[in-house]
Novice: 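Got a structure here, written out as structure tokens. Questions coming.
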Amino acid sequence: VTTRRAFLRTTSLTGAVLLLDIGKDAVAASPAASFTPIAHVRIDTDGTTTLFVDKVEMGQGVRTSLATILAEELDADWTRVRVETAQPGSAFPNMHTAGSGSVSDAWRGLRQAGASARAMLVAAAARTWRVPAASCRTEAGAVFHDASGRRLDYGRLSSRAAQVLVPAKAPLKTESEFRIVGRPRLRVDGPAIVTGTALYAADIRIPGLKFATLVRCPVEGGTLRSWDAAEARARPGVRGVLAISNGVAVVADCTWAALKGREALRVEWNPGRNAGFSTAALREERLAAARRGGTVARDDGDVAGAFKNAAQVLEAEYEDAYQAHASVETLACVADVSAERCEIWVGTQSPNRARSIAAEVCGLPEERVVVHVTLLGGAFGRRIANDFVREAVEIAKLVRSPVQLLWTRGDDTHHDYFHPAQNHVVRAALDATGALVGLQHSAADSSLTMFGEPDRNDPETFQHWGAHDNPYAIPALRTDLALFDSPVRTGAWRSVAYPPSVFARESFIDEIAHATRRDAVELRRGLLSEPRMAQIPGGRPLDRHRLRRVLEEAAERSGWGSPLPAGRGRGIACNAYHRSTCVAQAAEVTASLGQLRIDRIVSVVDCGTVVNPLGAAGQVESAIAWGLTAALKSEITIRNGRVEQSSYRDYPVLRIDEMPEVEVHFVHTPDAPARGLGEQCVPTVAPAVMNALFAATGRRVRRLPYRSIA
Amino acid sequence: MAHRLEVNGQWHDVDASPDTPLLWVLRDQLSLTGTKFGCGLGICGACTIEVAGRAARACQIALGEVAGSSIRTVEGLSADGDHPVQRAWLAEDVAQCGFCQPGMLMEAACLLAARRDVSDRDIDEALRDHVCRCGTYQRIRRAVHRAAGISR
């Protein structure tokens with residue numbers, strides 16, 4: 001039990017800002033109380049150290065990596081560390097988990113918090129021994145005074161440490177002092193996962209739990225016209241049928257009864273203004289817009305002059321498709337609502353937002369809402385939205401017993417927030433020597449409804465990821481974006497807007513190399529040499545040599561340039577993700593009789609300090625599977641406002657027999673900050689593979705997903 | 001209607017309609033939630049269990065079909081989490097989000113119970129009807145090979 005509270009909070013938006021908040025009960029605490037120097041750490045008197053992770057676990061390994069970072073600076077004994085997911089509230093105001101930001105934010109904020117807690121433990125030991133703090137050291141959950149041969153366990157220091165003032169800025173370790181960071185570490189949730197005891201939202205079983213399913217309008221923006229529940233209510237096990245803001249819910253004693261009840265339910269809809277929408281028609285508009293050009297966001301050098309004086313102009317058009325998230329766990333949320341309080345169990349990427357939504361629906365202050373964040377069975381950006389939380393709480397409020405809302409596979413596919421398709425038109429001006437002297441990259445994309453209306457007065461809105469932050473040194477470079485309002489639900493998807501842009505850019509560089517008879521690695525190396533720092537409007541400069549280094553290493557490790565048998569080819573692509581993590585990937589493919597097989601992908605990544613090499617390599621492997629699915633397998637289409645796919649049958653994803661051999665290498669830069677890795681290795685997959693296909697066959701694929709010509 | 005079922009070595013009396021998929025009996029009535037719902041169509045493999053020694057999709061089997069059969073779920077794979085596939089899965093740090101893994105583990109356990117000399121191709125064939133959206137496939141292959149070694 002924690003009675004002594006000396007909170008130290010880190011705000012992850014601004015980095016290492018520490019707020020000290022000693023609770024009123026601190027003075028009254030008993031000497032045996034556990035030590036809670038910061039909201040993220042609790043040290044019990046037996047030395048058990050609980051680390052509260054305030055980011056959600058969706059497979060990216062954040063419960064392991066953040067605990068690793070915290071344990072490192074704290075010098076905790078890893079064998080006595082327990083990891084718990086925090087609950088959103090005043091102690092944890094920002095659990096939002098997205099944009100590959102958890103580790104890089106923690107590197108600035110959480111590390112400092114761990115170091116402060118350690119400094120307090122050292123101060124407590126020094127005070128006990130009446131020695132200078134500087135003569136003490138820490139290791140594996142204990143403070144040592146080597147001169148006198150004394151040692152005190154953190155557990156025994158916990159009550160005294162809580163009386164020490166929290167230092168605002170304790171010194172951080174340097175890389176040479178790391179004992180935990182940088183070593184391969186097994187995922188903390190592994191044992192629960194392999195025994196089937198890991199809990200996802202649909203696994204919550206509490207007394208009185210009812211099971212619900214919800215019928216929604218198949219067309220986004222439609223409204224309920226009428227419904228007839230007589231037959232559904234007559235089904236065994238069905239306890240109620242009720243309308244909520246987003247559809248009609250069937251509540252039953254078990255999931256199967258709810259599903260059978262739903263089958264018997266008759267609902268009529270007013271489909272609304274999107275009833276005529278089709279992705280095919282929007283594609284025509286988007287293509288025309290990309291050809292016309294949109295709002296210019298970057299305009300370096302004399303682009304008009306470069307094209308006017310060009311000896312040769314190349315042009316190509318690229319595009320991708322609408323994509324779903326298709327996590328294996330469908331959305332689910334358990335809610336228990338009474339007049340006084342609301343409790344929910346959910347796997348969401350935005351727990352604090354889920355809490356405010358639940359409070360709003362229930363008409364309760366947020367303090368009366370408890371959110372238990374379970375594991376997420378995949379998320380990839382979909383669970384930034386809490387639409388399913390609102391639905392579950394609305395149902396539970398009407399039913400007055402705990403309810404689990406479960407989405408079917410069809411629900412999950414039809415009512416996703418899709419990655420919108422993009423069109424790109426790229427033109428290159430080459431001089432008489434074949435040098436790239438001008439580039440114009442025009443993109444057409446749709447806004448993401450998940451984030452509300454885009455601000456068209458904000459120049460950042462038009463800085464299209466992957467096009468705007470083109471890393472290459474090109475004397476004249478212009479990028480523009482035509483942005484459509486999306487009539488369907490669109491949202492963040494692993495690496496968001498990058499994949500189609502990088503597919504266009506990196507395929508086009510390959511096309512330029514072939515057109516000018518230069519090697520694709522040599523061409524890129526030349527464009528990543530001088531000037532070293534790329535000045536890109538709207539953000540920090542990019543060190544081109546970091547990108548050049550991963551490119552060179554990927555070329556070397558993939559055997560770039562060595563001969564391959566007929567029908568096989570190699571391709572390469574590179575990218576600097578938001579001028580931070582740098583990635584190069586080299587793909588090797590076999591093409592025969594119209595069939596494309598991906599044999600091998602070599603990834604070289606500079607994400608700064610690698611917190612956990614085992615988990616980090618897993619993220620790269622995972623990103624490759626993600627990139628391959630979008631490049632080779634899947635596509636969402638919408639006709640008459642209705643999503644045409646319903647499951648993995650018509651929205652196929654990569655399977656084990658299609659997974660290539662994947663090799664992952666990390667570039668080591670001493671004392672570099674840790675950077676993001678969840679999304680960064682997705683965008684280069686498609687261009688590396690399609691460049692390899694071209695090398696193997698001479699066939700240039702400019703539209704994704706790949707379609708076999710056989 | 002009551003049905004007798006043997007699950008993980010224990011007999012249960014289940015009162016449910018005979019057409020109820022075994023998946024919902026396990027999850028909602030017996031609270032064995034290690035067996036996951038992924039699609040309800042038999043195409044993602046998340047609900048894979050062992051029925052009479054063979055891997056089967058719990059969402060595609062009606063309760064009435066399995067009365068009297070011996071059923072094993074991930075919870076019954078071992079008493080202490082030390083079945084060779086579980087040990088191998090941990091050693092290779094396979095799981096990411098973990099949601100598909102119980103189904104993968106059950107399929108791999110059934111594969112290795114039938115034969116121990118498995119090639120990459122055998123593994124791919126046995127597991128190609130399972131979806132892992134995190135793409136842990138490379139580590140799954142390694143883990144099955146490792147588990148085959150432990151089994152011996």
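By convention in this document, chain letters (A, B, ...) are assigned in the order of the sequence lines, proteins followed by strands, and residues within each chain are numbered from 1. All values below were derived from every heavy atom in this structure, side-chain atoms included, with hydrogens, water molecules and symmetry-related copies excluded.
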Novice: Given heavy-atom pairs under 4.5 angstrom as the criterion, report whether the side chain, backbone, both or neither of A/T629 touches chain B.
Specialist: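 The side chain, not the backbone.
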Novice: I'd like to know which of B/S31, B/P102, B/A95 tops the heavy-atom pair count under 4.5 Å against chain A.
Specialist: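 Sorted descending by pairs with chain A, the first entry is B/A95.
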Novice: Please look at B/Q101 and chain A and tell me whether the side chain, the backbone, both or neither of the residue comes under 4.5 angstrom of a heavy atom of that chain.
Specialist: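 Only the side chain of B/Q101 comes within 4.5 Å of chain A.
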Novice: Using heavy-atom distances under 4.5 Å, tell me whether A/V653 contacts chain B through its side chain, its backbone, both, or neither.
Specialist: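 Contact with chain B involves the side chain of A/V653 alone.
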Novice: Please flag which part of B/H83 lies under 4.5 Å from any non-hydrogen atom of chain A: side chain, backbone, both or neither.
Specialist: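 Neither part.
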Novice: Please state whether the side chain, the backbone, both or neither of A/L186 comes within less than 4.5 Å of a heavy atom of chain B.
Specialist: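 Answer is both: backbone and side chain atoms of A/L186 are under 4.5 Å from chain B.
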Novice: Which bit of A/R205 comes within less than 4.5 Å of chain B, counting heavy atoms only: side chain, backbone, both or neither?
Specialist: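 Side chain only.
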Novice: Who among B/R139, B/E75, B/Q86 has the most heavy-atom pairs with chain A under 4.5 Å?
Specialist: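 That would be B/R139.
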Novice: Which residue out of B/C44, B/C39, B/G45 racks up the most heavy-atom pairs below 4.5 Å with chain A?
Specialist: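 Counting heavy-atom pairs under 4.5 Å, the top option is B/C39.
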Novice: Which atoms of B/D19 are under 4.5 Å from chain A, going by heavy atoms: the side chain, the backbone, both sets, or neither?
Specialist: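 Both backbone and side chain of B/D19 come within 4.5 Å of chain A.
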Novice: Given that the side chain runs from C-beta out, which part of A/A258 has a heavy atom under 4.5 Å from chain B: side chain, backbone, both or neither?
Specialist: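 Neither part; nothing is under 4.5 Å.
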Novice: Of the backbone (N, CA, C, O) and the side chain (C-beta and beyond), which part of B/T136 lies under 4.5 Å from a heavy atom of chain A, both, or neither?
Specialist: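 It is neither, since no heavy atom gets under 4.5 Å.
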Novice: Using non-hydrogen atoms and a 4.5 Å limit, figure out which bit of A/M58 sits close to chain B: side chain, backbone, both or neither.
Specialist: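 Only the backbone of A/M58 comes within 4.5 Å of chain B.
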Novice: Can the positive tip of B/R27 be found less than 6.0 Å from the middle of the six-membered ring of A/W256, inside 45° of the ring normal?
Specialist: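 No cation-pi geometry.
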Novice: Quick one: do B/R128 and A/D657 make a salt bridge, cutoff under 4.0 Å?
Specialist: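 Counted as a salt bridge, because a side-chain N and a carboxylate O are separated by less than 4.0 Å.
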Novice: Under a 3.5 Å distance rule, please check whether A/E679 uses its side chain to pair with a backbone N or O of A/V682 as donor and acceptor.
Specialist: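 Flag not set: sc A/E679 to bb A/V682 has no pair under 3.5 Å.
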Novice: Please look at B/L41 and chain A and tell me whether the side chain, the backbone, both or neither of the residue comes under 4.5 angstrom of a heavy atom of that chain.
Specialist: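 Both parts, heavy atoms under 4.5 Å.
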Novice: So which atom in A/I656 and which in B/I140 form the shortest heavy-atom distance, rounded to 0.1 Å?
Specialist: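 Smallest heavy-atom distance, with atoms named: CD1-CG2, 4.0 Å.
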Novice: Which one, B/L105, B/V131, B/V74, leads in non-hydrogen pairs under 4.5 Å with chain A?
Specialist: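 Sorted descending by pairs with chain A, the first entry is B/V131.
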Novice: Less than 4.5 Å to any heavy atom of chain B: does that hold for the side chain of A/Q619, its backbone, both, or neither?
Specialist: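 Both backbone and side chain.
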Novice: Taking all heavy atoms of B/T35 and all of B/C47, pick out the closest pair and write down the distance.
Specialist: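 Looking at all heavy atoms of both residues, the closest pair is CG2-O, 3.4 Å.
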Novice: Might you confirm whether atom CZ of B/R54 has over 12 heavy atoms from other residues, nucleotides or ligands at distances under 6.0 Å?
Specialist: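 At most 12 heavy atoms, drawn from other residues, nucleotides or ligands, come within 6.0 Å of this atom.
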Novice: Against the six-membered ring of A/W626, is B/R133 placed for a cation-pi contact (under 6.0 Å from the centre, within 45° of the normal)?
Specialist: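 Yes, a cation-pi geometry.
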Novice: Taking A/E329 first and then B/K36, would you say they form a salt bridge - that is, a charged N and a carboxylate O separated by under 4.0 Å?
Specialist: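 A salt bridge is absent here (no side-chain N lies under 4.0 Å from a carboxylate O).
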Novice: Which bit of A/L406 comes within less than 4.5 Å of chain B, counting heavy atoms only: side chain, backbone, both or neither?
Specialist: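 Answer is side chain: those atoms of A/L406 sit under 4.5 Å from chain B.
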Novice: Would the distance check show the side chain of A/D412 and the main-chain N or O of A/R409 forming a donor-acceptor pair, the cut-off being under 3.5 Å?
Specialist: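 Side chain of A/D412 to backbone of A/R409: no pair is present.
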Novice: Below 4.5 Å from any heavy atom of chain A, which atoms of B/A46 appear? Answer side chain, backbone, both or neither.
Specialist: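 Answer is side chain: those atoms of B/A46 sit under 4.5 Å from chain A.
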Novice: Heavy-atom distance under 4.5 Å to chain A: side chain of B/A91, backbone, both or neither?
Specialist: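 For B/A91, backbone heavy atoms alone lie under 4.5 Å from chain A.
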Novice: Is A/P660 close to chain B through its backbone or its side chain, or both, or neither, when contacts mean heavy atoms under 4.5 Å?
Specialist: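 Just its backbone gets close to chain B.
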Novice: Side chain from CB out, backbone as N, CA, C, O: work out which of these in A/S327 comes under 4.5 Å of a heavy atom of chain B, or both, or neither.
Specialist: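 Only the backbone of A/S327 comes within 4.5 Å of chain B.
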Novice: Name the member of A/V194, A/I193, A/L654, A/T413 that forms the most heavy-atom pairs with chain B at distances under 4.5 Å.
Specialist: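 The option with the most such pairs is A/V194.
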Novice: Any chance you could measure A/L66, atom CG, to A/K55, atom NZ, to the nearest 0.5 Å?
Specialist: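 One gets 8.0 Å once the value is rounded to the nearest 0.5 Å.
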Novice: Heavy-atom pairs under 4.5 Å with chain B - which of A/A332, A/G410, A/A326 has more of them than the others?
Specialist: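 Answer, by heavy-atom pair count under 4.5 Å with chain B: A/A326.
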Novice: I'd like to know which of A/H325, A/R494, A/E661 tops the heavy-atom pair count under 4.5 Å against chain B.
Specialist: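 Ranked by heavy-atom pairs under 4.5 Å with chain B, first place is A/H325.
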Novice: Hydrogens and angles aside, do B/S78 and B/R87 bring a side-chain donor and acceptor to less than 3.5 Å of each other?
Specialist: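 No, no side-chain donor-acceptor contact under 3.5 Å.
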Novice: Does A/E588 pair with A/R600 as a salt bridge, N-O distance under 4.0 Å?
Specialist: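 The answer is yes: the pair qualifies as a salt bridge.
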Novice: Between A/Q585 and A/S603, do the side chains contain an N or O donor and an N or O acceptor separated by less than 3.5 Å?
Specialist: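 Note: A/Q585 and A/S603 side chains meet the donor-acceptor criterion.
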Novice: If I measure from the heavy atoms of chain B, does A/L259 come under 4.5 Å with its side chain, its backbone, both, or neither?
Specialist: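 Looking at A/L259, just its side chain touches chain B.
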Novice: Using non-hydrogen atoms and a 4.5 Å limit, figure out which bit of A/A198 sits close to chain B: side chain, backbone, both or neither.
Specialist: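 Looking at A/A198, just its backbone touches chain B.
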Novice: Quick one: do A/R655 and B/D124 satisfy salt bridge (charged side-chain N to carboxylate O under 4.0 Å, His left out)? Show the steps, please.
Specialist: CA-CA 9 Å; A/R655 302 281 181 138; B/D124 284 5; over 6 Å; no
Novice: Once you round to the nearest 0.5 Å, how far does CG of B/D28 lie from CZ of B/F37?
Specialist: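 Nearest 0.5 Å value for the CG-CZ distance: 11.0 Å.
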Novice: Between chain A and each of B/G34, B/S17, B/G38, count heavy-atom pairs under 4.5 Å; write down the option with the most.
Specialist: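 Most heavy-atom pairs within the cutoff with chain A belong to B/G38.
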Novice: Could you check which of B/G81, B/G76, B/A16, B/P21 has the highest count of heavy-atom pairs closer than 4.5 Å to chain A?
Specialist: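 Looking at each of B/G81, B/G76, B/A16, B/P21 in turn, B/P21 comes out on top.
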Novice: If you compare all heavy atoms of B/L112 against all heavy atoms of B/R116, which two are closest, and at what distance to 0.1 Å?
Specialist: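 The answer is O-CG, 3.8 Å.
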